[in-house]
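Inspection log for the structure reproduced underneath, given as structure tokens.
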Amino acid sequence: MLIFNNKADLISHLSTYKNNKSTIGFVPTMGALHKGHLSLLEKSFQENIITVISIFVNPTQFNNQEDLKKYPRTLEADVEKIKTVSDAIIVFAPSVDEMYDGNTESAHFSFDGLEYQMEGSHRPGHFDGVGTIVKKLFEIVKPTNAYFGEKDFQQLQIVKKLVQKTGMPINIVGCPISREENGLAMSSRNGRLTDEEKNKAAFIYKTLKEAREKFVNESIEAVKKYVYDAFSTHPEFKMDYFEIAAEDDLVPANTKDNKEYRGFIAVFLSNVRLIDNISLN
Ligand code: AMP
């Protein structure tokens with residue numbers, strides 16, 4: 001299995017494939033891999049001649065230094081999991097210096113307003129950090145197709161906007177959310193929850209599914225009230241936000257139009273911030 005830490009070596013290796021016009025699939029991650037990440041890898045592996053996965057905990061997208069410090073780093077175990085998909089997958093695991101060259105700063109992006117909503121307003125600077133690292137990685141890997149999870153739906157829309165605005169010829173593929181049996185969306189942060197907390201966290205998806213049912217006949221205001229009331233009876237959670245927004249502009253909606261809507265939630269459980277979302281149409 002090929003593991004690169006150095007971007008020049010990876011670029012040189014990939015250039016041989018590019019000359020053959022092979023398609024390159026790319027799955028950017030921050031590691032601590034779980035089945036959600038592997039589902040993206042499997043899709044890329046099926047749809048492309050070569051697949052590259054990056055494993056890089058990107059400091060500029062963390063607005064909370066404690067969260068960055070605690071983020072799990074498990075490269076050896078990650079490599080073993082990647083091998084279960086295929087040992088032909090190429091791993092790129094650079095250092096912070098390799099990616100940022102001593103200047104760990106974000107560039108500033110306009111994503112036509114997508115960046116101001118939800119995760120954008122609750123995590124200042126987050127999407128500038130995401131835009132910075134995704135652009136750097138795309139310039140190195142130059143993929144044909146890049147795979148992103150709907151788990152981070154706002155990020156998926158922002159990456160589509162990044163590609164559109166920069167004119168990079170990359171097809172962005174959205175992939176469905178992988179869940180635990182109890183419905184909890186898989187996340188590297190779930191490793192910080194005890195088994196009991198993971199059981200409690202099933203309440204998040206259960207409530208989102210109830211919101212979807214209510215959305216058929218009830219107003220947006222009533223659905224939002226239902227969700228906030230449900231969480232207020234479970235004091236172990238601290239609500240960050242629940243919003244209903246159209247998928248295209250992500251602006252929190254008050255009235256229903258002829259659009260595709262999603263419910264978006266961020267809650268804290270024992271100081272671990274969990275996000276999830278659900279299609280409401
Ligand atoms: P991360 O390592 O958390 O930055 O995630 C890397 C990629 O995996 C992103 O595109 C995520 O949206 C995606 N991802 C994370 N968790 C899941 C999940 N439960 N289901 C599907 N995709 C996921």
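Just so we're clear, the structure is a prediction, and the values are computed from it rather than from any experiment. Counting convention: from 1, in listed order, for ligands and their atoms alike.
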Note to self: Quick check on side-chain hydrogen bond (donor to acceptor under 3.5 Å, both in side chains): which of Glu247, Glu243, Arg262 does Asn277 satisfy it with?
What the structure shows: Arg262
Protein heavy-atom partner closest to [atom] - residue, atom, separation in Å:
| atom | value |
| --- | --- |
| atom 16 (N) of ligand 1 | His34 CE1, 3.3 Å |
| atom 5 (O) of ligand 1 | His37 NE2, 3.4 Å |
| atom 23 (C) of ligand 1 | Lys151 CB, 3.9 Å |
| atom 12 (O) of ligand 1 | Asp152 OD2, 2.6 Å |

Next item on the list: Return yes when atom NZ of Lys165 has more than 12 non-hydrogen atoms of other residues, nucleotides or ligands closer than 6.0 Å, and no otherwise.
Entry: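 Result for NZ/Lys165: enclosed.
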Next item on the list: Would you kindly check if the NZ (Lys) or CZ (Arg) of Lys136 is within the cone defined by 45 degrees around the ring axis of Tyr100 and under 6.0 Å from the six-membered ring centre?
Entry: yes
Next item on the list: Starting from the C-alpha separation in whole Å, work towards a yes-or-no answer on salt bridge (charged side-chain N to carboxylate O under 4.0 Å, His left out) for Arg192 and Asp67.
Entry: CA-CA 11 Å; Arg192 285 164 53 193; Asp67 193 23; 3.3 Å; yes
Relative to the heavy atoms of [X], which atoms of ligand 1 are at a distance of less than 4.0 Å?
| X | value |
| --- | --- |
| Met186 | 16 (N), 17 (C), 18 (C), 19 (N) |
| Met30 | 1 (P), 2 (O), 4 (O) |
| Phe148 | 10 (O) |

Check: For Ser110 and Glu115, what are the C-alpha separation, side-chain angles and deciding distance, and is it a side chain to side chain contact (heavy atoms under 4.5 Å, CB included)?
Finding: CA-CA 7 Å; Ser110 161; Glu115 70 274 31; 4.2 Å; yes
Next item on the list: Return yes if a side-chain donor-acceptor contact under 3.5 Å exists between Glu119 and Tyr241, otherwise no.
Entry: yes
Check: Taking distance alone, with no angle check, do Ser178 and ligand 1 share an N/O pair under 3.5 Å?
Finding: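 Looking only at distances, the answer is yes, because the N/O contact criterion of under 3.5 Å is met.
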Check: Would you say ligand 1 has an N or O under 3.5 Å from any N or O of Ile177?
Finding: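 No, there is no polar N/O contact under 3.5 Å.
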Next item on the list: Could you name the option among Gly149, Gly31, Pro28 that has the heavy atom nearest to atom 22 (N) of ligand 1?
Entry: Gly149
Notebook entry, point to check: Between the side chain of Arg73 and the main-chain N/O of Tyr71, is any donor-acceptor distance below 3.5 Å?
Noted result: yes
Check: Is ligand 1 under 4.0 Å from a heavy atom in the side chain of Leu40, in the backbone, in both, or in neither?
Finding: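 Leu40 to ligand 1: side-chain contact only, backbone stays beyond 4.0 Å.
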Margin query: Applying a heavy-atom cut-off of 4.0 Å, say which part of Pro176 lies close to ligand 1: side chain, backbone, both or neither.
Written below: backbone
Item checked: Centroid separation Phe56 to Phe92 less than 6.0 Å -> no
